[in-house]
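Notes follow the structure.
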Amino acid sequence: MQDTFVVAGTSFSSRLIIGSGKYPTHAGMKAAHEASGAQMVTVAVRRVNLNRSEESLLDYIDPARYRLLPNTAGCYDAAEAIRTAHLAREALGTPWIKLEVIGDEKTLFPDNGATLEAARILVKEGFIVMPYVGDDLIVARRLIDAGVAAVMPLAAPIGSGLGIQNFTSLRILREQIREVPLIVDAGVGTASDAVQAMELGFDAVLMNTAIALAQDPVRMAEAMRLGIEAGRKAFLAGRIARKLYASASSPVEGLIG
């Protein structure tokens with residue numbers, strides 16, 4: 001049976017969502033996207049040239065191959081995020097939006113309250129909203145009640161590469177949230193971090209910096225693809241229980257002599 005990832009009724013065979021910022025070159029970004037196997041690419045609306053009269057990174061993202069996921073990166077209040085979402089829908093022709101409302105300039109932690117406020121309005125206006133939030137179960141439930149298409153909690157500060165720092169919180173979210181996909185967003189540094197996220201049972205992982213700023217972005221993109229696939233397979237297979245003491249690989253019953 002094909003193991004697909006579904007958001008708002010759209011199916012994806014890849015569970016890796018990839019960003020488009022920070023790459024040394026647009027051509028290198030395109031090559032990394034191809035190596036990642038991703039089918040959804042985030043684009044920071046406020047940081048790209050939407051006027052196609054000049055070269056833009058959008059020229060290197062094939063809309064027939066990738067689902068564009070515009071994001072409201074750089075917004076610090078609900079009104080600003082809503083305006084940016086409208087700009088994205090007008091310029092890129094998609095109602096999909098990754099909602100980011102930042103609450104702190106140094107940590108780039110999300111403003112959960114403002115995110116919820118913006119999400120409620122955008123959902124009513126027909127957007128498919130995928131919000132970046134903290135690892136807060138109550139906020140996640142309120143966002144689901146508001147009608148978001150997915151919930152995207154951070155694993156560590158954006159771009160930090162620290163890997164998952166909040167296993168307990170993420171595990172609780174996974175156990176309690178089943179209505180919409182859960183996507184780990186922010187903090188991944190290497191392929192083992194992606195494996196861990198998928199082994200927790202998360203539906204997908206979104207990453208940008210870990211690939212874009214790697215010494216070899218294309219090779220790292222491939223590693224992330226394989227990490228996502230391995231972690232998902234391990235989750236579906238079901239790991240053995242952890243035990244304090246040894247358990248012989250070969251049973252002692254029936255030994256000769």
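Taking CD of E125 as the start and CD1 of I82 as the end, the distance is 6.5 Å to the nearest 0.5 Å. The distance from atom OG1 of T10 to atom CH2 of W96, rounded to the nearest 0.5 Å, is 4.0 Å. If you take CD1 on I61 and OG on S20, they are separated by 4.5 Å, rounding to the nearest 0.5 Å. One finds the CE atom of M198 at 5.5 Å from the CZ atom of R15 (value rounded to the nearest 0.5 Å). The distance from the CD1 atom of I97 to the CG atom of L69 is 7.0 Å, given to the nearest 0.5 Å. Atom CZ of R141 sits about 9.0 Å away from atom CG of L173, to the nearest 0.5 Å.
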Could you walk me through whether R174 and D203 pass salt bridge (charged side-chain N to carboxylate O under 4.0 Å, His left out), step by step?
CA-CA 9 Å; R174 177 68 286 174; D203 297 288; 2.9 Å; yes
For the pair R65 and E34, evaluate side chain to side chain contact (heavy atoms under 4.5 Å, CB included) and give the outcome as yes or no after the intermediate values.
CA-CA 10 Å; R65 180 171 183 174; E34 292 173 352; 3.6 Å; yes
Checking side chain to side chain contact (heavy atoms under 4.5 Å, CB included) for the pair F202/L170: CA distance, chi angles, key distance, verdict?
CA-CA 9 Å; F202 275 72; L170 293 183; 3.8 Å; yes
Please assess E175 against R171 for the test salt bridge (charged side-chain N to carboxylate O under 4.0 Å, His left out), listing each intermediate value before the final yes or no.
CA-CA 6 Å; E175 289 182 0; R171 189 174 293 116; 5.7 Å; no
Could you go through S13 and Q39, starting from their C-alpha distance and side-chain angles, then the distance that decides it, and tell me whether this counts as side-chain hydrogen bond (donor to acceptor under 3.5 Å, both in side chains)?
CA-CA 8 Å; S13 58; Q39 297 169 302; 3.3 Å; yes
Could you walk me through whether L206 and Y132 pass the side chain to side chain contact (heavy atoms under 4.5 Å, CB included) test, one step at a time?
CA-CA 10 Å; L206 188 153; Y132 158 68; over 6 Å; no
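Between the side chain of N166 and the backbone N or O of S169, no donor-acceptor pair lies under 3.5 Å. Panel note: side chain D193, backbone L162; no donor-acceptor pair is recorded below 3.5 Å. Checked by atom type and distance alone, the side chain of R232 never pairs as donor or acceptor with a backbone atom of E199 at under 3.5 Å. When atom types are taken as modelled, the side chain of S56 and the backbone of D59 share no donor-acceptor pair closer than 3.5 angstrom. Counting only distance, with no hydrogens or angles, the side chain of E117 and the backbone of G113 share no donor-acceptor pair below 3.5 Å.
M152 and I228 fall into different hydrophobic clusters, where Ile, Leu, Val, Met, Phe, Trp and Tyr are joined by side-chain heavy atoms under 4.5 Å apart, directly or via other members. Under a hydrophobic-cluster definition in which Ile, Leu, Val, Met, Phe, Trp and Tyr are linked whenever side-chain heavy atoms come within less than 4.5 Å, directly or via other members, I172 and I144 are assigned to the same cluster. Under a hydrophobic clustering in which Ile, Leu, Val, Met, Phe, Trp and Tyr are joined whenever their side-chain heavy atoms come within less than 4.5 Å, directly or via other members, M130 and L16 fall into different clusters. Residues V139 and I121 share a hydrophobic cluster, clusters being chains of Ile/Leu/Val/Met/Phe/Trp/Tyr side chains in contact below 4.5 Å. A continuous path of ILVMFWY side-chain contacts below 4.5 Å connects V101 to L143, so both sit in one hydrophobic cluster.
Residues I183 and V205 have side chains not in contact (no heavy-atom distance under 4.5 Å, counting atoms from C-beta outward). A 4.5 Å side-chain heavy-atom check between N71 and V45 finds every atom pair outside the cut-off. A 4.5 Å side-chain heavy-atom check between Y76 and D111 finds every atom pair outside the cut-off. At least one side-chain heavy atom of R67 sits under 4.5 Å from a side-chain heavy atom of F12. The side-chain heavy atoms of I164 and L200, taken from C-beta on, include a pair separated by under 4.5 Å. Proximity of Q215 to M220: side-chain heavy atoms (C-beta onward) are nowhere separated by under 4.5 Å. Residues F235 and V195 have side chains not in contact (no heavy-atom distance under 4.5 Å, counting atoms from C-beta outward). Within the 4.5 Å cutoff, the side chain of R89 has no heavy atoms near those of the T94 side chain.
Qualifying ring-ring contact (aromatic ring centres under 6.0 Å, His included) partners for F127, counting only residues two or more places apart in sequence or in other chains: H86.
In this structure, D136 does not pair ionically with R142, as no charged nitrogen and carboxylate oxygen lie closer than 4.0 Å. A salt bridge is defined here as a Lys NZ or Arg NE, NH1 or NH2 lying under 4.0 Å from an Asp or Glu carboxylate O, and D185 with K98 meets this definition. Comment: R46 does not engage E100 in a salt bridge, judged by the lack of any side-chain N to carboxylate O separation of less than 4.0 angstrom. Ion pairing between a basic and an acidic side chain is recognised when a charged N comes within 4.0 Å of a carboxylate O; K233 and D3 show no such pairing.
Looking only at atom types and distance, the side chain of T107 has a donor-acceptor partner in the side chain of D104 under 3.5 Å away.
Looking at every heavy atom in both residues, I18 comes nearest to A38 through CG2-CB, 3.8 Å. The shortest non-hydrogen separation linking S160 to G187 is OG-CA, 4.0 Å. Pairing each heavy atom of A210 with each of A214, the nearest pair is O-CB, 3.5 Å. In plain terms, the two heavy atoms of A212 and P217 that are nearest each other are O-CG, 3.8 Å. Here the closest heavy-atom approach between residue P153 and residue D135 is recorded as CB-CA, 4.2 Å. Minimum interatomic distance between G159 and T209 (heavy atoms only, all atoms of both residues): CA-OG1, 3.7 Å.
The aromatic rings of H33 and Y66 sit perpendicular to each other, their planes meeting at more than 60°, with 30° as the lower class boundary. The aromatic rings of H26 and Y60 sit tilted, their planes meeting at an angle between 30° and 60°.
The one candidate from T115, V123, V133 that meets the side-chain contact (heavy atoms from CB on, under 4.5 Å) condition with L99 is T115.
No more than 12 heavy-atom neighbours from other residues, nucleotides or ligands sit within 6.0 angstrom of CD1 on I240.
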